[in-house]
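Written out below as structure tokens is the structure these notes cover.
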There are 2 protein chains.
Amino acid sequence: MVTKQLSGLPEDADLRRADSLAREIFSDVANKWALLIIEALGERTLRFSELRTEVEGISHKMLTQNLRMLERNGLAVRKVHPTVPPRVEYTLTEPGQALRATVDLICGWTHQHLSHIESARRRFGS
Amino acid sequence: MVTKQLSGLPEDADLRRADSLAREIFSDVANKWALLIIEALGERTLRFSELRTEVEGISHKMLTQNLRMLERNGLAVRKVHPTVPPRVEYTLTEPGQALRATVDLICGWTHQHLSHIESARRRFGS
DNA sequence: CTGCATCCGATCAGATACTG
DNA sequence: CAGTATCTGATCGGATGCAG
């Protein structure tokens with residue numbers, strides 16, 4: 001699949017590095033705000049302030065922080081228009097879009113199982 | 001779709017309650033440990049101690065906490081065998097299985113885009 | 001408008017110890 | 001083995017103020 005190494009061990013090291021990287025990405029992405037931002041962006045391009053209102057409940061700080069993370073991982077691109085006042089737009093990249101598709105499924109799952117979960121909670125006693 | 005109310009406003013109230021419930025469930029589920037536990041359980045039944053080694057890096061405390069949450073939301077069932085030493089097994093319910101399918105997709109996505117993300121990080125400068 | 005820094009309280013998460 | 005409780009440090013997350 002990938003370029004083979006000639007010496008004996010390096011490919012194992014590569015696997016381990018890939019695993020830890022995967023875990024790191026998973027941790028970055030598997031959090032409430034990141035997923036909600038990705039869901040909000042969807043197919044469109046949104047400004048910082050639009051995202052602020054779109055992803056309701058998110059604070060200025062968390063929005064900035066998560067957008068930086070998405071940009072760093074190449075899931076979203078940040079485009080600055082040199083106007084005054086400044087205008088900054090965020091768009092999902094192709095990998096970002098692909099991830100959004102799976103987030104959509106989670107949202108669908110949530111609504112589909114609302115009543116089951118609600119009754120499970122009543123049974124659980126809280 | 002669902003039972004209509006006769007008076008004017010209650011259905012709106014229902015919608016708002018459902019939305020806030022959906023957000024709550026989303027927050028419960030959209031976190032690293034919960035998703036990793038769901039992924040580990042997969043189709044099989046696992047003991048507490050097995051889960052502890054299976055989802056690596058998780059602490060005793062976080063495992064307990066997240067298992068209670070999954071149980072409360074009806075995503076997993078907890079079966080206690082009254083033996084000595086005690087034996088407690090966890091299994092995903094049907095809704096849990098459905099969610100796991102989407103988590104699988106996220107895992108697939110992660111590995112599929114590893115190299116893209118790795119190079120994006122280099123470009124980003126860290 | 002967007003972004004960064006700071007302060008501060010709340011929550012998270014690990015380590016440890018103790019029960020059935 | 002499984003679970004609970006407690007203590008402690010780390011991180012999260014909101015509010016505010018300031019800069020480009």
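In the text below, chain A, chain B and the rest are named by the order of the sequence lines, each starting its count at 1.
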Salt bridge (Lys or Arg N to Asp or Glu O under 4.0 Å) involving A/Glu39 - partner list, sequence neighbours excluded: none
Residues forming a ring pair (Phe, Tyr, Trp, His ring centres under 6.0 Å) with A/His111, sequence neighbours excluded: none
Gap between atoms CG and P, on B/Asn31 and D/dC12 respectively (whole Å): 13 Å
I'd like a list of close polar pairs between nucleotides 4-10 of chain D and the protein, N/O only, cut-off under 3.5 Å.
none

Residue pair A/Ile37, A/Ile58: steps toward the side chain to side chain contact (heavy atoms under 4.5 Å, CB included) verdict: CA-CA 9 Å; A/Ile37 291 172; A/Ile58 197 169; 4.0 Å; yes
Nearest-Å distance for atom pair CH2/P, residues B/Trp33 and D/dT11: 14 Å
Carboxylate-amine/guanidinium proximity below 4.0 Å for B/Glu50 and B/Arg44: no
Degree of bending in the helix from C/dC1-D/dG20 to C/dG20-D/dC1 once both end axes are built from five pairs, to 10°: 40°
B/Arg52: partners by salt bridge (Lys or Arg N to Asp or Glu O under 4.0 Å), with sequence neighbours left out: none
Check against side chain to side chain contact (heavy atoms under 4.5 Å, CB included), B/Asn73 and B/Val29: CA-CA 10 Å; B/Asn73 289 326; B/Val29 145; 5.5 Å; no
OG1-NE2 distance between B/Thr93 and A/His116, expressed to the nearest 0.5 angstrom: 5.0 Å
Atom pair distance, as rounded to whole Å: CG in B/Leu67 and P in D/dC1: 16 Å
Under the salt bridge (Lys or Arg N to Asp or Glu O under 4.0 Å) test, residues paired with B/Asp19 that sit two or more places apart: none
Interface residues of residues 44-53 of chain B with DNA chain D (non-hydrogen, below 4.0 angstrom): B/Arg47, B/Phe48, B/Ser49
Partner set under side chain to side chain donor-acceptor pair (under 3.5 Å) for A/Glu94, not counting sequence neighbours: none
For B/Glu24, all residues meeting salt bridge (Lys or Arg N to Asp or Glu O under 4.0 Å), sequence neighbours excluded: A/Arg121, B/Arg72
Residues in side chain to side chain donor-acceptor pair (under 3.5 Å) contact with A/Thr45, at least two apart in sequence or another chain: A/Thr91
Between P of D/dG14 and CD of A/Gln65, the distance in whole Å: 10 Å
Any A/His113 side-chain heavy atom under 4.5 Å of B/Leu75 side chain: no
Selection residues 16-60 of chain B - residue pairs positive for ring-ring contact (aromatic ring centres under 6.0 Å, His included), sequence neighbours left out: B/Phe48-B/His60
Value in whole Å for how far the P atom of D/dG3 lies from CZ of B/Arg87: 13 Å
Covered region of DNA chain C, 5' end to 3' end, by chain A [heavy atoms, under 4.0 Å]: C/dC1 to C/dC7
